[in-house]
Visitor: 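Below you'll find the structure I mean.
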Amino acid sequence: MEKAYDPKQVEQRWYQAWADRGSFHASVTGPGSPYVIVIPPPNITGSLHMGHALNNTIQDILIRWRRMQGRNALWVPGTDHAGIATQNVVEKQLLAEGTTRDKLGRDRFIQRVWEWKARSGGAIIEQLKRLGSSCDWERLRFTMDEGLSKAVREVFVRLYEDGLIYRGERLINWCPRCLTALSDIEVEHEDATGKLYHIRYPLADDPPAHLTVATTRPETMLGDTGVAVHPEDPRYNRFIGKKVRLPLTRREIPIVGDPILVNREFGTGAVKITPAHDFNDFEAGDRHGLARIALFDQQARLDPGGLRDAQVDDALQARLASTPVREARALVVEALEKGGFLARIEDHAMALGKCYRCKTVVEPYLSPQWFVKIRPLAAPAIKAVESGQIRLIPEQWTNNYLGWMRDIKDWCISRQIWWGHQIPAWYCVNCGRDTGTLLETSKHSYTLTAEAKPLVARHAPSHCPDCGHHQLVRDPDVLDTWFSSALWPFSTLGWPDDTPELKTFYPTSTLVTGFDILFFWVARMIMMGLKFMGREPFRDVYIHALVRDAEGQKMSKSKGNVIDPLAVMDKYGTDALRFTLAAMASPGRDIKLSEERIEGYRNFANKLWNAGRFIVMNLEGPRATAPVAERPVADRWILSRLHRCIGEVTASLETYRFDEAANTLYHFIWHEYCDWYVELAKPALADKASPEAALTRTTLIETFETLLRLLHPFMPFITEEIWQAIPHAGESIMVARYPTMDGAFIDEVVERETEVTLNVIAEVRNMRSVHKAASFKHLSGMVWVEDEVIARHLEAKRPLISKLAGLTDLKIRKMKDKAAELPANAATGSVVLPGGHLLDIAIPLSADTMDIPREITQKEKRLKELTGQLEQDEKKLSNPEFVAKVPPDVLKKTQARHEERRIEHHRLSGELQRLRRMAAGGSA
RNA sequence: GGGCGGAUAGCUCAGCUGGUCAGAGCGCUGCCCUUACAAGGCAGAGGUCACAGGUUCGACCCCUGUUCCGCCUACCA
């Protein structure tokens, strides 16, 4: 083995070996109860970022752990077609080639996307493999696969037949750059400082008088079709039923009373109503039967037709036609000011909606779209979480989820793009012409009005059921990408066909995801799973944090603070990255990732590696086994500690506490196994052929092999590499059994005893350090003990203590002889043993070696600390209420602790007196 | 506006149902190339647990309020 661990030459080799052996594959007939995870499918346009790394590390830990436990563990991988994002990527390519998708046409464009996908869409899958993800690659799925597309059509048709999908003209969020509708949650709200414009609207029958309205979007006033005041507002309610003259237009619009829309305290207390450009106004317009005048075109420019409909003053019409909204605002404000309509402008904090894909400001836009009527689907999805059938972990998210679900709005699922699942709805050209719902804009190009009658079917209908005509056109829209991801837990297992996979693996066990897609994805999977499978899609939803940079900033390319997981894996190794992410995955808290932290865990990997080297170097020689009780104390100690560790790690994994599990492993391996056990074992191994060495060798190897298995889900590569180099049973650690805690190995007596040994060693080291005597080789030590049992124990450990504390000689004596035996010049220390017994230590030093002032300082500090603690104890113990009310075991503990402290305090005071006398120049 | 979360060592964070819980890692300081490991060993310094009240025999932990910082959500135009 090399002196330092080199991940590069290890990782790829083992991943390949696992794959070749078929270890990732789960069969429907496999043994063990199924444990199933479906991957949150990454976008095919995506490249592995830290969020993916965290997400997949956690899934892999769970899957490897369950697989090792003997479960039939399946991790279904796949990718998502990401409609808008992917289309954007390919359109950009076309632009570079000097063409556009419109020039190419729909079919050829889609062909191009598939070509792009074939070339570049698999990158992220390869990156997941580098992470060590043990997915069942034979079951790789893509949301646009034939099977999954079939599922999408089936769901669409059935929801339509159940009246849960409808088509209609609504105000929707429109991205003027992507030229498509977005669902409510695809809009990101960003705080912005805008302005509040106060505009005077003259009363139609009393022109000098006016009503002043306040708005943040003055340019939309051209489309106003009413003004609202509160019906109980004495300032204005007498105007209800009258009209105002809409400035800059030739129109008069009514004043209505509306207690819902109007907030009397805000602005002027009067609101303009623009039903075609604002969601609230849309509803208010409905309530009062107001017209809707759409002013903007798809690119959010002022539409000449709209301006005409709005009867805008001719001169202004000419100036505004086809100007983008942003510029139009200035022009409208200018015109208002000129006309004397502008009362004032004030600063105003507001939220601006932006497209989550391209950050363009979205516009409420009136257009015919498809919607899912969501409430009937949400109700069971709410119940499933309320009843605990589905658990969200950490559970804080439950409220979030329920709150959103209870207030859920219909889901706009149509997108005006080409890449995606085209809606399975057709329209009869003949009927459409007759009813005027289908307008031929050019050859083979139609516009469908909101009233067009769709024919929804699983396959293209051959003729119109109403008129029998054969010329049918398909709805050009595609479905929201999340519509297909919502089916992921069952579409990937073969639904709508009745497959063995569905029978065995559905419902899945755990979903691992970030909270940012709780609504986008998780909620919708629950609704669809319950609707179409009649069962929840998963039992547990583990929601992990966001990965941020060391300053807590969200990582983004534009900020340049991205830590690239691939670069990290190159530099520090995959295992180090995985372990870092696991160790930092504290529930409910974002991960602030820093490179130093990863480096620390790279060092941990190296530590493990070198422990492995030590074992390999000590393989030679006989091995003997014996019942635990007959093994050397150090062995019994590490076995006891190991089994506690196994219990803790397993409990942590069961509760999704990856951070706890990782930290427990780190601490145990480094600070118990390596720092202590390996050191304790060394003397025992010194004489290779001795019976003690034979026993120790066995324990050394067995415990190490066990902890490798325990660690494997977190650090799959290095554990496999080392495991293969030491004695083991089986082909691969990946399919070896996960360790289970065996209480028979837990031995509290041995743990306590060993602790005494370790404390004595630590105390001697401390004494050496105080006197800077570390480099003096030939030091002897003396120990005085009160308790006979402890004395015998220490006597047995004498060679070991001497060795680890670096003493050439160690005398163990009775406490009563201490005064007579204490050398004149000696560093001193004591250890308080359980039960209040005391153990004193001295290391004879030469007078010039001793750093008496330093020892005094150190002991004074400890004395002060003790004094404070003693006071606290005494306060408690002298309080009758405390003694009366406290549980007996706590009282006993407090008393015992107090006694120990009292003894130590007494001893320390004596020592200090002696030291002070020495410092003053006298001899002891 | 509503909701959620956070504030603990220089930094990043643990601290589970109140009773050695004041901890870990990194960083820092001192001493060490001790035959697995300098990506290391040994030892050490460092905190009024945001602030103010309250409950309790006892509070980092529970309650109330305050301040600051995140995030989600919302139609105050």
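Keep in mind it's a predicted model, so treat the numbers as computed, not measured.
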Visitor: Kindly assign one of parallel, tilted or perpendicular to the pair F604(A) and W670(A), based on the angle between their ring planes and the thresholds 30° and 60°.
Guide: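 Parallel: the ring planes of F604(A) and W670(A) meet at under 30°.
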Visitor: Suppose you measure atom P in rG10(B) against the same atom in rG46(B); what distance do you get, rounded to whole Å?
Guide: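 The same atom, P, in both gives a distance of 11 Å.
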Visitor: Quick one: label V678(A) by what it contacts on the DNA or RNA (base, sugar-phosphate, nothing), any heavy atom closer than 4.0 Å.
Guide: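 Base: the residue V678(A), judged by heavy atoms under 4.0 Å, touches a nucleobase.
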Visitor: Check every atom of rA39(B), rU73(B), rU20(B) against the side chain of R602(A) and return the nucleotide holding the closest atom.
Guide: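 My answer, after comparing the listed nucleotides, is rA39(B).
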Visitor: With a 4.0 Å cut-off on N to O distance, would you call K682(A) and E679(A) a salt bridge?
Guide: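 Yes.
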Visitor: With rounding to whole Å, what would you report as the distance between rG30(B) and rU17(B) at their P atoms?
Guide: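 Taking atom P in both rG30(B) and rU17(B), they lie 42 Å apart.
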Visitor: For nucleotides 40-44 of chain B, which of its nitrogen or oxygen atoms have a protein nitrogen or oxygen under 3.5 Å away, and what is each distance?
Guide:
from    : atom 1 : to      : atom 2 : distance (Å)
rG40(B) : OP1    : N603(A) : ND2    : 3.0
rG40(B) : O3'    : K607(A) : NZ     : 3.2
rG41(B) : OP1    : K607(A) : NZ     : 3.0
rG41(B) : OP1    : W670(A) : NE1    : 2.6
rA43(B) : O2'    : S769(A) : OG     : 3.0
rG44(B) : OP1    : N766(A) : ND2    : 3.3

Visitor: When the C1' atoms of rC28(B) and rA50(B) are compared, how many Å lie between them, rounded to an integer?
Guide: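 It comes out at 25 Å once rounded to the nearest Å.
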Visitor: Could you check whether L261(A) gets within reach of a base, just the sugar-phosphate, or nothing at all, counting any heavy atom under 4.0 Å?
Guide: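 Contact class for L261(A): base.
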Visitor: Counting only heavy atoms from other residues, nucleotides and ligands, does the tally under 6.0 Å from CD of Q872(A) exceed 12?
Guide: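 No - once you tally the heavy atoms of other residues, nucleotides and ligands closer than 6.0 Å, there are 12 at most.
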Visitor: Give one of base, sugar-phosphate or nothing for G573(A), where a contact means two heavy atoms less than 4.0 Å apart.
Guide: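 Touches nothing.
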Visitor: Considering residues at least two apart in sequence or located in another chain, which fulfil the side-chain hydrogen bond (donor to acceptor under 3.5 Å, both in side chains) criterion with D516(A)?
Guide: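 Here no residue qualifies.
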Visitor: Dot-bracket notation for RNA chain B is requested: 5' to 3', Watson-Crick or G-U wobble pairs only, both distances under 3.5 Å, with ( ), [ ], | and . as defined.
Guide: (((((((..((((.....[...)))).(((((.......))))).....(((((..]....))))))))))))....
Visitor: Of all residues at least two apart in sequence or in a different chain, which pass the side chain to side chain contact (heavy atoms under 4.5 Å, CB included) check with R657(A)?
Guide: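 With neighbours one apart ignored, the set is P587(A), S652(A), T655(A), D659(A), E660(A).
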Visitor: With sequence neighbours left out, which residue pairs that include part of residues 392-409 of chain A fulfil the side-chain hydrogen bond (donor to acceptor under 3.5 Å, both in side chains) condition?
Guide: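 Listed by first then second residue: E386(A)-R406(A).
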Visitor: Which one, rC37(B), rU20(B), rG19(B), comes nearest to the side chain of E679(A)?
Guide: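 Nucleotide nearest to E679(A)'s side chain: rC37(B).
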Visitor: Looking only at the side chain of T216(A) (C-beta and beyond, no hydrogens), which of the listed nucleotides rA39(B), rA74(B), rA77(B) gets closest?
Guide: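 The answer is rA77(B).
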Visitor: Would you call the rings of Y656(A) and F658(A) parallel, tilted or perpendicular, where under 30° means parallel and over 60° means perpendicular?
Guide: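 Because their plane-to-plane angle is over 60°, the rings of Y656(A) and F658(A) count as perpendicular.
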Visitor: Of the nucleotides rA36(B), rA77(B), rC13(B), which one has an atom closest to the side chain of S586(A)?
Guide: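 Selected nucleotide: rC13(B).
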Visitor: What residues form a side-chain hydrogen bond (donor to acceptor under 3.5 Å, both in side chains) with R862(A), not counting sequence neighbours?
Guide: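 Listed in chain order: E865(A), E904(A).
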Visitor: How do V187(A) and G612(A) order along RNA chain B: which one's closest nucleotide is nearer the 5' end?
Guide: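 So the residue in question is G612(A).
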Visitor: List in chain and number order the residues that pass side chain to side chain contact (heavy atoms under 4.5 Å, CB included) with V886(A), two or more places apart in sequence or in another chain; answer none if no residue qualifies.
Guide: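 Expected list: F882(A), V890(A), L891(A).
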Visitor: Applying ring-ring contact (aromatic ring centres under 6.0 Å, His included) to Y601(A) and Y572(A), what does each step give before you reach the verdict?
Guide: CA-CA 9 Å; Y601(A) 289 115; Y572(A) 300 104; over 10 Å; no
Visitor: At 4.0 Å (heavy atoms only), tell me whether P887(A) reaches a base, stays on the sugar-phosphate, or touches nothing.
Guide: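 It contacts base atoms.
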Visitor: Got a sec, which residues hit salt bridge (charged side-chain N to carboxylate O under 4.0 Å, His left out) with K195(A), two or more places apart in sequence or on another chain?
Guide: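 D347(A).
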Visitor: Would you call E648(A)-R644(A) a salt bridge at under 4.0 Å N-O?
Guide: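 Here E648(A) does not pair with R644(A) in a salt bridge, since their nearest N and O are not under 4.0 Å apart.
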Visitor: Nearest heavy atom decides the nucleotide; on that basis, is R897(A) or K409(A) closer to the 5' end of RNA chain B?
Guide: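 The 5'-side residue here is R897(A).
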Visitor: What integer number of Å spans the P atoms of rU64(B) and rG2(B)?
Guide: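 Here rU64(B) and rG2(B) have their P atoms 16 Å from each other.
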Visitor: Output one line per pair: protein atom, nucleotide atom from nucleotides 15-18 of chain B, and distance, for all N/O pairs under 3.5 Å.
Guide:
from    : atom 1 : to      : atom 2 : distance (Å)
rG15(B) : OP1    : R657(A) : NH1    : 3.3
rG15(B) : OP1    : R657(A) : NH2    : 3.1

Visitor: Quick one: R287(A) CZ to rC75(B) C1', roughly how many Å, whole number?
Guide: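 One finds 11 Å between C1' of rC75(B) and CZ of R287(A), rounded.
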Visitor: Could you tell me how far rG6(B) sits from rU48(B) if I compare only their P atoms? Round to whole Å.
Guide: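 These two P atoms come out 23 Å apart once rounded.
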Visitor: Does rA36(B) have OP1 or OP2 under 4.0 Å away from a side-chain N or O of K682(A)?
Guide: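 It does, given that an N or O in the side chain of K682(A) lies less than 4.0 Å from OP1 or OP2 of rA36(B).
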Visitor: Could you tell me whether R902(A) and E874(A) make a salt bridge, using a distance below 4.0 angstrom between a side-chain N and a carboxylate O?
Guide: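 So R902(A) does not pair with E874(A) through a salt bridge.
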Visitor: Measuring to OP1 and OP2 of rA77(B), would you say a side-chain N or O of T215(A) lies under 4.0 angstrom away?
Guide: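 Checking T215(A) against rA77(B): no side-chain N or O falls below 4.0 Å of OP1 or OP2.
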Visitor: For nucleotides 4-10 of chain B, list the nitrogen or oxygen atoms of the protein found under 3.5 Å from its nitrogen or oxygen atoms, one pair per line.
Guide:
from   : atom 1 : to      : atom 2 : distance (Å)
rG6(B) : O3'    : R589(A) : NH2    : 3.2
rA7(B) : OP1    : R589(A) : NH2    : 3.4

Visitor: By side chain to side chain contact (heavy atoms under 4.5 Å, CB included), which residues pair with N610(A), not counting sequence neighbours?
Guide: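 N610(A): side chain to side chain contact (heavy atoms under 4.5 Å, CB included) contacts with N606(A), R613(A).
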Visitor: Within the pair H348(A) and rA77(B), is there a side-chain N or O less than 4.0 Å away from OP1 or OP2?
Guide: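 Yes.
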Visitor: Could you tell me how far apart N280(A) (CG) and rA74(B) (C1') are, to the nearest whole angstrom?
Guide: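 The distance from CG of N280(A) to C1' of rA74(B) comes to 10 Å, rounded to the nearest Å.
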Visitor: Quickly work out the I722(A) CD1 to rC37(B) C1' distance and round it to whole Å.
Guide: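 So the CD1-C1' distance, I722(A) to rC37(B), works out to 12 Å.
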Visitor: Measuring only the C1' atom in each nucleotide, how far is rU8(B) from rC21(B)? A whole number of Å is fine.
Guide: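 Those two atoms are separated by 11 Å.
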Visitor: Please report the shortest heavy-atom distance between F714(A) and A662(A), naming the atom on each side.
Guide: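 Where F714(A) meets A662(A) most closely, the heavy atoms are CE2-N, 4.2 Å.
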Visitor: From rU73(B), rU12(B), rU20(B), pick the nucleotide closest to the side chain of R597(A)?
Guide: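 Selected nucleotide: rU12(B).
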Visitor: Going by the side chain to side chain contact (heavy atoms under 4.5 Å, CB included) test, name the single residue among T574(A), L708(A), D575(A) that passes it with I718(A).
Guide: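 Considering T574(A), L708(A), D575(A), a side chain to side chain contact (heavy atoms under 4.5 Å, CB included) with I718(A) is found only for D575(A).
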Visitor: May I have the distance from L352(A) (atom CG) to rC75(B) (atom P), rounded to whole angstrom?
Guide: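 Result: 14 Å.
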Visitor: So if I take every side-chain heavy atom of M617(A) and compare against rG19(B), rA36(B), rU12(B), which nucleotide ends up nearest?
Guide: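 Taking heavy atoms from C-beta onward, the closest nucleotide is rA36(B).
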Visitor: What's the gap between rC16(B) and rG23(B) when it is taken at their C1' atoms, as a whole Å value?
Guide: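 Nearest-Å result for rC16(B) against rG23(B) at atom C1': 15 Å.
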Visitor: Regarding A228(A), tell me which of base, sugar-phosphate or nothing describes its non-hydrogen contacts under 4.0 Å with the strands shown.
Guide: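 It contacts nothing in the nucleic acid.
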Visitor: Looking at residues at least two apart in the chain, or sitting in another chain, which of them share a salt bridge (charged side-chain N to carboxylate O under 4.0 Å, His left out) with D889(A)?
Guide: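 Partners of D889(A) by the salt bridge (charged side-chain N to carboxylate O under 4.0 Å, His left out) criterion come out as none, since no residue qualifies.
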Visitor: Measure NE2/H189(A) against P/rG1(B) and give the value in whole Å, please.
Guide: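 Taking NE2 of H189(A) and P of rG1(B), I get 18 Å after rounding.
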Visitor: Any base atoms under 4.0 Å from N879(A), or only sugar-phosphate, or nothing? Heavy atoms, all strands.
Guide: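 If one applies the 4.0 Å heavy-atom cut-off, N879(A) turns out to touch the sugar-phosphate alone, with no base involved.
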